[in-house]
Every structure is written in structure tokens, then in C-alpha cells.
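What follows is a short report on a single structure.
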Amino acid sequence: TGMTMEKFPELISVLIEHSQRFIDFWKLQLVIALGVLGFALTNPQVVSKTRVRLLISAIFIAIAAFSVFSLSAHQERAELLWTAIEARVAATPGEFIPQEVAYIDALKPTPFGVKAGALVVADVLVVLVIWFSPKLKE
């Protein structure tokens with residue numbers, strides 16, 4: 001088991017990388033959303049056209065689908081890895097101090113529904129602003 005202990009920091013680092021993907025997707029969504037909203041608010045006459053609104057909506061639906069699909073792959077790997085790490089700790093409890101066990105417990109991946117929901121809600125809000133912003137109807 002001494003061999004596996006050496007690999008533990010590597011495994012934890014991989015687990016954290018998988019969790020980081022949500023933040024990466026979130027940042028991407030934020031940049032795109034702010035760009036589109038900025039464009040919409042500075043060009044209400046362009047964005048008031050139904051075709052433009054449909055195009056923007058389609059883009060955000062595509063982004064949401066891509067993000068949720070990609071996130072699901074990282075989520076599945078993160079959960080499998082966390083379960084494996086947790087099982088290793090349970091199998092060799094003497095090799096871990098309570099603080100290490102607490103840290104490993106803290107790395108448990110956030111449920112997929114919460115992450116996916118946040119990404120989808122963000123996209124839906126942008127689409128709603130595009131369709132229902134009062135400035136666009138002037």
C-alpha cells in the first residue's frame with residue numbers, strides 16, 4: 001500500500017481538475033453572455049428582429065447542450081475517482097489521519113444536477129433578457 005500512498009496526491013489533483021471544469025464552463029458562459037447582452041443593449045434595433053433573437057437563442061441552447069454534455073463526462077469521472085479514493089481510505093484507515101480523511105470528504109463532487117442547473121439557468125436568463133427586455137421593444 002506504500003505505492004498507492006505515493007499516487008494519492010496525483011489522484012487528488014486529477015479529481016480537482018475534473019471539478020475545475022465546471023468553473024471553466026461557467027467562465028465561458030459568463031463571457032459569452034456578457035458579450036451578447038452588451039451587444040443586445042447597444043443595438044436594440046438589430047436584436048429586436050425575430051431572426052436575430054432566434055439565432056441568439058439557438059446559440060445559447062447549443063452552448064447549454066455542449067456544456068451539460070461535456071460536464072457530465074467530467075462529473076462521471078470525478079465521482080468514480082472520488083469513490084475509488086474513498087474506498088482506498090476505508091480499506092486502509094490506519095494510513096490516514098482524521099484531517100486527511102476530512103479533506104478527502106470535502107472533495108466530494110457537487111451533484112451534477114446543481115452544476116448543470118446553474119449553467120442552464122444562466123443560459124435561459126440570457127435568452128429571456130433577449131426576448132423580453134423592454135428596451136428592445138422601443
Report the residues that fulfil side chain to side chain contact (heavy atoms under 4.5 Å, CB included) with [X], sequence neighbours left out, ordered by chain and then residue number.
X     : value
Thr50 : Leu54, Trp131
Ser70 : Phe25, Phe66
Glu76 : Leu80

Over all heavy atoms of both residues, which pair between [X] and [Y] is shortest? Give the atoms and the distance, please.
X      : Y      : result
Ile104 : Trp82  : O-NE1, 2.9 Å
Ser57  : Val127 : OG-CG1, 3.6 Å
Val52  : Val47  : CG1-CA, 3.9 Å
Arg53  : Ile130 : NE-O, 3.5 Å

From [atom1] ([X]) to [atom2] ([Y]), nearest 0.5 Å:
X     : Y      : atom1 : atom2 : answer
Ile32 : Ile56  : CD1   : CD1   : 12.5 Å
Ile85 : Lys108 : CD1   : NZ    : 13.5 Å
Arg88 : Phe8   : CZ    : CZ    : 7.5 Å
Ile97 : Glu100 : CD1   : CD    : 4.5 Å

Hey, is the main chain of Ala64 close enough, under 3.5 Å, to the side chain of Ser67 for a donor-acceptor pair?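 Here the side-chain-to-backbone pair does not exist.
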Do any side-chain atoms of residues 11-18 form donor-acceptor pairs under 3.5 angstrom with protein atoms, and if so which ones, sequence neighbours left out?
residue: His18; atom: ND1; partner: His74; partner atom: ND1; Å: 3.2

Would a single hydrophobic cluster contain both [Y] and [X], if residues Ile, Leu, Val, Met, Phe, Trp and Tyr are joined by side-chain heavy-atom contacts under 4.5 Å?
X     : Y      : answer
Leu71 : Ile23  : yes
Trp26 : Leu34  : no
Val36 : Leu30  : no
Ile59 : Leu125 : no
Phe60 : Val124 : yes

Report all side-chain donor-acceptor pairs from residues 112-122 shorter than 3.5 Å, counting only partners two or more places apart or in another chain.
residue: Lys115; atom: NZ; partner: Gln75; partner atom: OE1; Å: 2.8

List in chain and number order the residues that pass side-chain hydrogen bond (donor to acceptor under 3.5 Å, both in side chains) with Asp105, two or more places apart in sequence or in another chain; answer none if no residue qualifies.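 Asp105 satisfies side-chain hydrogen bond (donor to acceptor under 3.5 Å, both in side chains) with no other residue.
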